Structures are given as C-alpha cells and as structure tokens.
2 protein chains.
Amino acid sequence: MKRAPPTILDVAKLAKVAVGTVSNVLNGKVPVSDSRRRRVQKAIEKLGYTQNILATGLRRRRTPMVGVCVPHTSVAYFSALVDAFEEVGADRGYKIIQVLTRLDPAQELDRVQALLHYHVAGLILVPSIQPDRTLKALARSGTPVVIIDRPTGTNIFDEVTFDNRGAMFDVARRLIALGHRRIVLIVQQPKLSTTRLRIRGLREAVAEAGDSAAALIVQCGPDEITLTSRLASLMREANPPTAFVAANNTIAAWLMRALRSLKVDFPGDVSVMAFGEPEWADLVTPRLSVVRQPTGEIARMAWELLIRRMNDEKTPIRHVELKAEIIMRDSVASNPPRATADPKVTRR
Amino acid sequence: MKRAPPTILDVAKLAKVAVGTVSNVLNGKVPVSDSRRRRVQKAIEKLGYTQNILATGLRRRRTPMVGVCVPHTSVAYFSALVDAFEEVGADRGYKIIQVLTRLDPAQELDRVQALLHYHVAGLILVPSIQPDRTLKALARSGTPVVIIDRPTGTNIFDEVTFDNRGAMFDVARRLIALGHRRIVLIVQQPKLSTTRLRIRGLREAVAEAGDSAAALIVQCGPDEITLTSRLASLMREANPPTAFVAANNTIAAWLMRALRSLKVDFPGDVSVMAFGEPEWADLVTPRLSVVRQPTGEIARMAWELLIRRMNDEKTPIRHVELKAEIIMRDSVASNPPRATADPKVTRR
DNA sequence: TTGAAAGCGATACCAT
DNA sequence: ATGGTATCGCTTTCAA
C-alpha cells in the first residue's frame, strides 16, 4: 500500500501555488499572504506531507540534527550525560542522536565522519585517547563542536570539562589527612587527558605531604580478572596501599569484588573511592564514597555553547571548567583504624 | 580555511572520466576498466573526496544507517542492548545511531519520524506503552523494522522478545516453593506488554498454588519517595507481603533503599528479586537475585532479522522468543525463615 | 565499458 | 508577495 510520499510539488499543485511559496510557508522566513498560507497548510494536512530532510540538507548543506558522541553507555557517567542531553536539547527543533565511539580512535573517527557526512548542525564529543585525526576532521568540516569531559589541550573548540586535577587533589588530601600514606589510583587509560590531570592532582597532594606519602598508578587492564591479580600482588608487598581510587563505576565494581575475593577488608584495611556516582553507591556495604561529576550542568552548559556557536560560527572560543563534588561515605575511614567505643579493641 | 568539499564532479574532471564512471567505481556494481578505475581512485585520494550521503540518499531513497530506539540508557538492560548492537552491527557498512524515546509515545513518534525522514535503511525499536501511531508510521514508510523486548501483539513486524511470562512464572513458583504467599510485583508501567505478561505469569503461578497465595501489583510512581511511602503502608497491613520483584534495576535500587529506610530486613523479613542484571547485583548485601535477560542474544538475533529484511523486504515475518535465566542469590530466602545451625534461634 | 543527461526533493534568487 | 528556474551532489537510464 505504500506509494511514493508526497513532495513539495504535490502540495504546490493541490494548493495552486508555486513550490517556492510552499517552501516559504514551511520555513516561515519569507512572508506569505494569509489566504495562500491557509491553502498550503490545508494541502499539507490533506496529503500528509512531510519534508524530505535529505533534500533540504542537500540544498542547505546542513541538517537539523545534533550528534552526541560518547564512548559507552555502560559507564554511568556517560549514560547520565546522554540522558541529560536528551532532557536539555529539546530546543529549537534539533534532533539528538547518539553514536558510540568505544574508546577506540578509529571507531571514533569513523562514527564522527558518518555524522559529518550527514552534515549535522552540531556535535558534542567526549574525545578518545587519541582524538587528533577526529579533531582535525572536525575542524576541517567547520561544524560547530563542543568538547566535553576531556580537555583536548588545544584551543580550537569550545570545551566543558570539570576540574579533575582539583577533585583528585582534594580527595588525596583528605585521604592523607586520615592517615593514608600509600594511595592507589586505578585507571583504564593512562594517556587520557582526564587521567593525566587526576594523576597530577594526586602527585601534588602527595608531594605536599612530604616523603611519607606515595602515589601509585595502577592500570586495570581490560577485565576484572586482570585487575584482581594485579591487586593481589600489590597487597602482598611489604608496604601495601591503604587507599584506592577508581576512575569510574565499572572499575569501582571490579575493585570491590576483587577486594572481597582477596579478603581485604574495607574500610578496615583499605579505603575506597570512585569517580562517578552510580545508582548503587549508597546501596553497597560500606556505602561508596565518590566524586560526583556535575553531569546535568555539563550537559546544560555544553548545549548552551553549542547553540551559541551554531548561531554564530565565529563567536570566541570558550573553555568552561566546572567543579565536582566529593561525597564521603563509609568506604573511607582513617588509617590506621582509630579506636572504637570499645576500649578493648583499641589499636596503636 | 574551509573551502567547499570536493564533489564527484571534481573527481571526474581530475580523472578525465564521466561522473557516472566515478559513481560506478564508488559503488562497484557496474564494471569499470582497470585503467580508469585507477585514475579515479587516484583522483579521489588526491582530492580527499568523500561521498555526500545526503545526495546519495536523496537519489537512492535510502541511507546506510540503522536507528536503534530505546527509552533510556539509565536502565542497565537498555544500555547493555545499545552496547550489544554497537558490537554486533559493525557489519556491511551500516552506521548505527541511537535515539532515546523516554517512555513517551509522543517523543517516540517524534524521534522515529526523524529517523524516517532521514530514510534510514532499518530500525530497531523498543516500543513505548502506546506505540500505535509510531507503528503505523513505520508500517506506512515501508522501512525494515525489528521490534525488540516488548511484543506489539501485531503481526506486521519481526520481533525478538524474551519469555517474560515464563520467567515470572518460574520466579513466582520458586518463591512459593520457599513458602512465600504474598508476592508483590513492582512495576513502572502497568500497560506495557511485557508488564502484562509478567503479571500473567505471576497470577498463573499463584493460582496454581491455590487460595493460600496472592499476587499484588504495585505501581511504583515516578520516584523513590513515592515508592517508599507505598511500601510503608503496604508493610503495615495485617498480612504484609514477604517477597518483592522489581521490574528493572532502577526500581530494584529504589526498593532496596526503601526497605532499608523502613527497617524491613531482607532476606530475613522479605525476599527480593529484580529483572535485569545490574553490575551491582552481586556487590550489595544481600546479593541480589535476578532474571537475567539475554541482551547479547537479543541484539544478535535482531540484527540478523534486520539484515535479512533489509535484503528482502518480503521475507516472512518472524517472531523469536528467547529464554531468560533466573539467578538466585542471597536476597531470596525461605519464608518463614528456616532454622539456622544454631538450635536456639529456631523459629516456628 | 563509457559518456551524456534526466531526475531525486527541496531552497533561493530573480524577475514580476 | 509570488512564480519560475537554476542548483545542491549523486545515481541511473539510455545510447553510443
């Protein structure tokens, strides 16, 4: 039963006007007399006409959609971002579509190029470890872009990030104040700009504490098993770490399972923190302390910058850095453990 | 520095061939002599030419992208599906894009129509509560579609679902065998086809158990607070329920927090189960028992059906129903609680 | 095989 | 304001 969908020409014929007039009614940019406008609208209604975006896009060299590119949706932080953009981006008729870049520079380039080939009006990107080629393609295309979460170190795009260095610095300081001296940061991708900033923050805090404190960076490997075995050997060392910070909720989950299987008690023997706020943070025992990233704010701000840039390609470039919030729960305790109410259990 | 991107015409000129020849090289459908083919390829290389999908799509009335439409990404089940499709769909040059439908029939229609206007080659949809208009639009468009997760009750699209009725039936049976007599199913959307099937499964199991057993359906409302207050009054009743089943991980998290704030001990006083397998299922105490949906299989099967239909629009319609897996962990216990190893604690 | 030319469905400019 | 028409970049006959 499917016949060819009606075109603007069909509408024009039925309304007895020129195609240009129909186009003008559609886009509401050029004035059209009331009588014709009504005729056109009636015809559109009758025919069930809908615009062919491909044709429009071909002509206009731009289609009304905005791409949001994130690595995965399994990391709660990213899925929160995606949901937040959907919430915020209903504006002005832009349609939002997501593509997944999978931590892989090649796939990132591929997916972003696909979006560019569709001549999207704008694009929001969480860059991968090695985004150079993607960024170059983006710059060459002239498409409005807002980079989020991971600073590129360049000054060619608007950016909305949050203060990873500062957050990690604060976290480390608090751990140190609680008596922790060997702090481990578990990362997935050491080369990521955010990872680097976190490492820097950690090192700074440790340096501030003097010789007694040390920072360790552990790369977690691709799966839980690998992480577990790394932790096992780490905990067997002479002077094992007493505090762990996981880079995201996935690693946090691996870490907690690993600690349990290794019979390392937390927060008794070690303290645990994570970046991101998964829904289970306060469901587990002990409740997980986290660095809560301002996803809603990031999305709102990024969208705002994107709109601005889509309206005026040459508005000055802005880099916005937001603050994260540290939420301390039971998974962090002092080290060595302090005396409890029961005097017999006193240690130290 | 951005000049107009090269077109097929530029390539043709540089290679001194007709545009049609370039097109033939590009699509590899019509044979082209080796010498010209090489010239064309060299020219493409030199110019950095890339096809304009909008123009191609306009001509072909179809673009090489496949849309995946899910409600949210915050429900682990959906984000797992999205990731699985990305994994599976790298095939044959189709690009996958996601759109979010937000549990809202209007937004669903809107987003799906946006995809249709781009003349996507195919579409995978988790339908909303009231997908009628969307389905109609889809059917009219003639676009290959595979429905997943929620059966439509129609026979116009391929479907890949899993056996919600059977899974719920089995779960209820096991709970009943453990002595539970009042079983609560907490749902978000009572009208959803999957919800209905689960309710049916629950009712059947309860009926089988005779008069002693009862099924309760609780609608959880939009947030945790609402659910908590509903549960509070429920637990105050004369004959409070002893088993809860949550429809997804979000509700499971709400439920667990609610029970804790109400000081209801589980699995002591009540048992808890959930549909879906969030990463935290075995991190919480007690470890959460779940119905694990076969996301990978669903994605694989759906993709296969979609490819089949994209290649042959009139292949017979197939409905595939997969089985879920029930994973029992500590959150489910017998009721009333059985004697423990310690004889003094024996109850009943 | 290859080249020339007719659209695909819309926009935008140019007269009127 | 309105109608007519060139044009966007590509695919696809149709002849040669």
Side-chain angles (χ1 to χ4, degrees), chain A residues 2-41 43-44 47-65 93 116-121 141-142, chain B residues 3-41 43-44 47-65 93 114 116-121 141-142:
Chain A
K2 85 184 166 184
R3 56 198 181 297
T7 74
I8 199 172
L9 195 73
D10 299 322
V11 175
K13 267 186 204 140
L14 183 58
K16 299 190 196 308
V17 299
V19 288
T21 305
V22 178
S23 175
N24 290 334
V25 170
L26 252 33
N27 301 302
K29 215 53 197 165
V30 176
V32 175
S33 73
D34 267 14
S35 67
R36 284 161 186 274
R37 148 166 293 116
R38 256 193 298 281
R39 264 154 56 205
V40 168
Q41 278 161 344
I44 288 179
L47 264 40
Y49 167 80
T50 64
Q51 221 170 343
N52 183 325
I53 308 189
L54 262 28
T56 308
L58 178 56
R59 207 35 245 250
R60 285 243 184 98
R61 322 180 73 99
R62 198 109 293 180
T63 58
M65 78 183 182
L116 291 182
H117 286 167
Y118 280 98
H119 295 257
V120 293
S141 78
Chain B
R3 58 195 180 299
T7 74
I8 200 172
L9 195 72
D10 300 321
V11 175
K13 267 186 204 143
L14 184 59
K16 299 191 197 304
V17 300
V19 289
T21 305
V22 178
S23 174
N24 289 334
V25 170
L26 252 32
N27 302 302
K29 215 54 198 164
V30 176
V32 175
S33 73
D34 266 15
S35 69
R36 287 164 181 269
R37 147 166 294 116
R38 255 193 299 281
R39 263 155 54 205
V40 168
Q41 276 161 346
I44 288 179
L47 264 39
Y49 166 79
T50 63
Q51 229 172 336
N52 182 323
I53 309 190
L54 262 27
T56 307
L58 178 57
R59 207 38 245 249
R60 286 243 184 98
R61 323 179 72 99
R62 198 108 292 182
T63 58
M65 79 182 182
L116 291 182
H117 287 167
Y118 281 97
H119 294 256
V120 294
S141 77

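Since we're looking at a predicted model, the values are computed, not measured. Here is the naming used below: chain letters follow the sequence lines, and residue numbers restart at 1 for every chain.
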Which atom pairs, one a donor and one an acceptor, fall under 3.5 Å between side chains of residues 20-28 of chain B and the rest of the protein, sequence neighbours left out?
| unit_1 | atom_1 | unit_2 | atom_2 | d |
| --- | --- | --- | --- | --- |
| B:S23 | OG | B:N27 | ND2 | 3.2 |
| B:N24 | ND2 | B:G20 | O | 3.3 |
| B:N27 | OD1 | B:R60 | NH2 | 3.1 |
| B:N27 | ND2 | B:S23 | O | 2.9 |

Rounded to the nearest 0.5 angstrom, the CD1-OH distance for A:I53 and B:Y118 is 4.5 Å
Heavy-atom nearest pair, B:R36 first then B:V17, reads NH1-CG1, 3.5 Å
I need the minimum non-hydrogen distance between A:N52 and B:H117, along with the two atoms involved.
OD1-O, 4.3 Å
The answer to which of A:R36 and B:V30 contacts DNA chain D further toward the 5' end, by nearest nucleotide, is A:R36
Quick one: closest heavy-atom pair of A:R39 and A:K16, and the distance?
NH2-O, 3.1 Å
Outermost DNA chain D nucleotides near chain B [under 4.0 Å, heavy atoms]
D:dG9 to D:dT12
Contact class for A:T50 vs. all strands (heavy atom < 4.0 Å): base, sugar-phosphate, or nothing?
sugar-phosphate
Name the atoms and distances for all side-chain donor-acceptor pairs under 3.5 Å in residues 4-15 of chain B, with sequence neighbours left out.
| unit_1 | atom_1 | unit_2 | atom_2 | d |
| --- | --- | --- | --- | --- |
| B:T7 | OG1 | B:L9 | N | 3.1 |
| B:D10 | OD2 | B:T7 | N | 2.8 |

Tell me what A:S33 touches on the nucleic acid: a base, only sugar-phosphate, or nothing, going by heavy atoms under 4.0 Å.
sugar-phosphate
Name every residue in residues 8-21 of chain A that has at least one heavy atom under 4.0 Å from any atom of DNA chain C, in order of residue number, or write none if there are no such residues.
A:I8, A:G20
What is the first contacted nucleotide of DNA chain C and what is the last, in 5' to 3' order, if contact means an atom lying under 4.0 angstrom from a heavy atom of chain B?
C:dT1 to C:dG9
Judged by nearest nucleotide, the residue sitting upstream toward the 5' end of DNA chain C, B:N24 or B:R61, is B:N24
Taking for A:L58 and for B:V32 the nucleotide of DNA chain C with the nearest heavy atom, the one nearer the 5' end belongs to B:V32
Separation between OG1 of A:T56 and NE2 of A:H119, rounded to the nearest 0.5 Å:
13.5 Å
Specify the angle, to 10°, made by the local axes at the two ends of the helix from C:dT1-D:dA16 to C:dT16-D:dA1 when five pairs are taken at each end.
40°
